Amino acid sequence: MIRVLLVDDQPLIRSGFRALLDVEDDIEVVAEAADGSAGLALARQHRPDIALIDIQMPVVDGIEATRRIAADPSLADVHVVILTNYGLDEYVFNALRAGAAGFLVKDIEPEDFLHAIRVAARGDALLAPSITRKLIDRYVTQPPRTDPGPAFGALTNREREAVALVAEGLSNDEIAGRMVISPTTAKTHINRAMTKLHARDRAQLVVFAYQSGLMSSR
């Protein structure tokens with residue numbers, strides 16, 4: 001059972017998401033909150049698998065709530081998925097940098113929304129396709145000037161390749177096909193890269209790939 005916490009200051013939005021989730025046999029909504037502060041308290045109380053958090057809320061916004069969840073060792077297994085009405089601006093990168101596992105726009109189709117919950121619960125990075133394309137476009141045309149640091153040099157060439165493919169939004173099976181290796185080997189490369197880079201999840205590998213200039217070098 002995938003346990004979900006809903007955090008949004010609009011009751012109608014929460015009701016809509018709950019209505020979608022409650023009919024699924026493998027998903028359970030364990031609590032709701034109208035601001036980030038209350039959401040953080042409920043996350044600590046219920047330890048959900050997924051915290052669906054709106055980005056703009058009173059008291060504590062979604063990015064700060066995400067940052068606090070990511071910083072709490074007791075909530076290491078909580079995957080935050082940010083919800084927003086917006087496409088791409090600094091919200092996306094700030095949310096991923098704060099530790100979000102994914103980022104969805106609220107006009108997502110119901111079946112895609114349910115798929116997203118299951119993907120995030122597996123620990124995979126999740127970005128709406130439109131956001132991924134815009135993110136890639138921005139950092140290819142305007143590559144960042146961040147020093148990748150010593151951790152980047154610790155990656156093998158195959159690990160770098162795997163990280164770059166994660167940043168393109170590919171699944172483990174797709175990465176395996178591109179690299180001509182087994183899915184298990186692809187997952188091993190990704191996990192080793194996460195360990196070396198101290199990445200919380202695959203979403204942070206995406207952040208690293210663009211910050212380091214790895215994607216622009218491709």
Side-chain angles (χ1 to χ4, degrees), residues 1-66 68-70 72 74-88 91-92 95-96 98-134 166 169-174 183 187 200-203 206:
M1 184 69 70
I2 300 171
R3 305 172 72 252
V4 177
L5 167 65
L6 298 175
V7 187
D8 195 300
D9 62 332
Q10 299 180 53
L12 187 60
I13 295 293
R14 295 200 309 273
S15 297
F17 284 134
R18 177 182 276 276
L20 282 173
L21 297 173
D22 278 347
V23 298
E24 299 299 309
D25 293 337
D26 61 333
I27 302 174
E28 174 189 13
V29 177
V30 296
E32 297 181 23
D35 64 73
S37 179
L40 179 61
L42 288 171
R44 288 171 174 156
Q45 178 182 346
H46 293 281
R47 308 292 174 85
D49 301 298
I50 301 294
L52 284 171
I53 300 181
D54 185 29
I55 205 161
Q56 289 189 315
M57 294 182 294
V59 187
V60 173
D61 67 22
I63 291 177
E64 180 58 28
T66 299
R68 295 182 189 182
I69 289 174
D72 188 337
S74 70
L75 300 178
D77 293 330
V78 177
H79 303 292
V80 175
V81 176
I82 291 288
L83 295 165
T84 183
N85 291 317
Y86 305 95
L88 178 82
Y91 286 131
V92 174
L96 292 174
F103 199 102
L104 295 175
V105 289
K106 290 182 179 178
D107 62 358
I108 187 172
E109 293 293 330
E111 60 270 22
D112 293 333
F113 172 71
L114 295 171
H115 174 69
I117 295 299
R118 296 182 174 102
V119 168
R122 294 199 302 263
D124 290 343
L126 178 70
L127 290 173
S130 60
I131 291 175
T132 302
R133 286 193 298 271
K134 291 177 181 177
V166 168
L170 274 61
S171 67
N172 284 352
D173 287 345
E174 291 168 333
K187 185 175 182 179
R200 174 184 170 92
D201 51 33
R202 291 167 69 107
V206 176

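None of the values given here were measured: they were computed from a predicted structure.
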Taken to the nearest 0.5 Å, the spacing of Leu104 CG from Leu52 CG works out to 7.5 Å
Residues 57-66 vs side chain to side chain donor-acceptor pair (under 3.5 Å), sequence neighbours excluded, gives Glu64-Arg67, Glu64-Arg68
When every non-hydrogen atom of Val78 is compared with those of Ala51, the smallest separation belongs to CG1-CB, 4.0 Å
Does the side chain of Ser74 come within less than 4.5 Å of Arg47's, by heavy atoms?
-> yes
Shortest non-hydrogen contact from Ala31 toward Leu5 = O-CD1, 3.4 Å
What are the two closest non-hydrogen atoms of Gly99 and Ala70, and how far apart are they?
-> CA-CB, 4.2 Å
Could you go step by step and tell me if Leu21 and Leu114 meet the side-chain contact (heavy atoms from CB on, under 4.5 Å) rule?
-> CA-CA 7 Å; Leu21 297 173; Leu114 295 171; 3.8 Å; yes
Kindly list each side-chain donor-acceptor pair under 3.5 angstrom involving residues 33-46, sequence neighbours excluded, with atom names and distances?
residue: Asp35; atom: OD1; partner: Ser37; partner atom: N; Å: 2.9
residue: Asp35; atom: OD1; partner: Ala38; partner atom: N; Å: 2.8
residue: Arg44; atom: NE; partner: Asp72; partner atom: OD2; Å: 3.0

Side chains of Ile117 and Ile2: does their closest heavy-atom pair fall under 4.5 Å?
-> yes
Can you tell me how far NE2 of His115 sits from CD of Glu109, rounded to the nearest 0.5 angstrom?
-> 14.0 Å
To the nearest 0.5 angstrom, please state how far the CD1 atom of Ile63 sits from the CE atom of Met57.
-> 10.0 Å
Can you measure from CG (Leu83) to CZ (Arg14) and round to the nearest 0.5 angstrom?
-> 12.5 Å
Within a strict 4.5 Å, meaning less than it, do heavy atoms of the Glu24 and Val4 side chains meet?
-> no
In short, Ala65 meets Val60 closest at the heavy-atom pair N-CG1, 3.7 Å
Between the CZ atom in Arg3 and the CD1 atom in Ile27, the distance rounded to the nearest 0.5 Å is 13.5 Å
Heavy-atom pair with the smallest gap, counting every atom of Leu20 and Phe113 | CD1-CD2, 3.9 Å
Taking all atoms of both residues into account, what is the closest heavy-atom pair of Ala100 and Ile82, and its distance?
-> CB-CG1, 3.9 Å
Stepwise, does the side-chain contact (heavy atoms from CB on, under 4.5 Å) test hold for Ile69 with Ile53?
-> CA-CA 11 Å; Ile69 289 174; Ile53 300 181; 3.9 Å; yes
Do Asp77 and Asp49 come close enough that some side-chain heavy atom pair is under 4.5 Å?
-> no
Arg118 versus Asp26: any side-chain heavy-atom pair under 4.5 Å?
-> yes
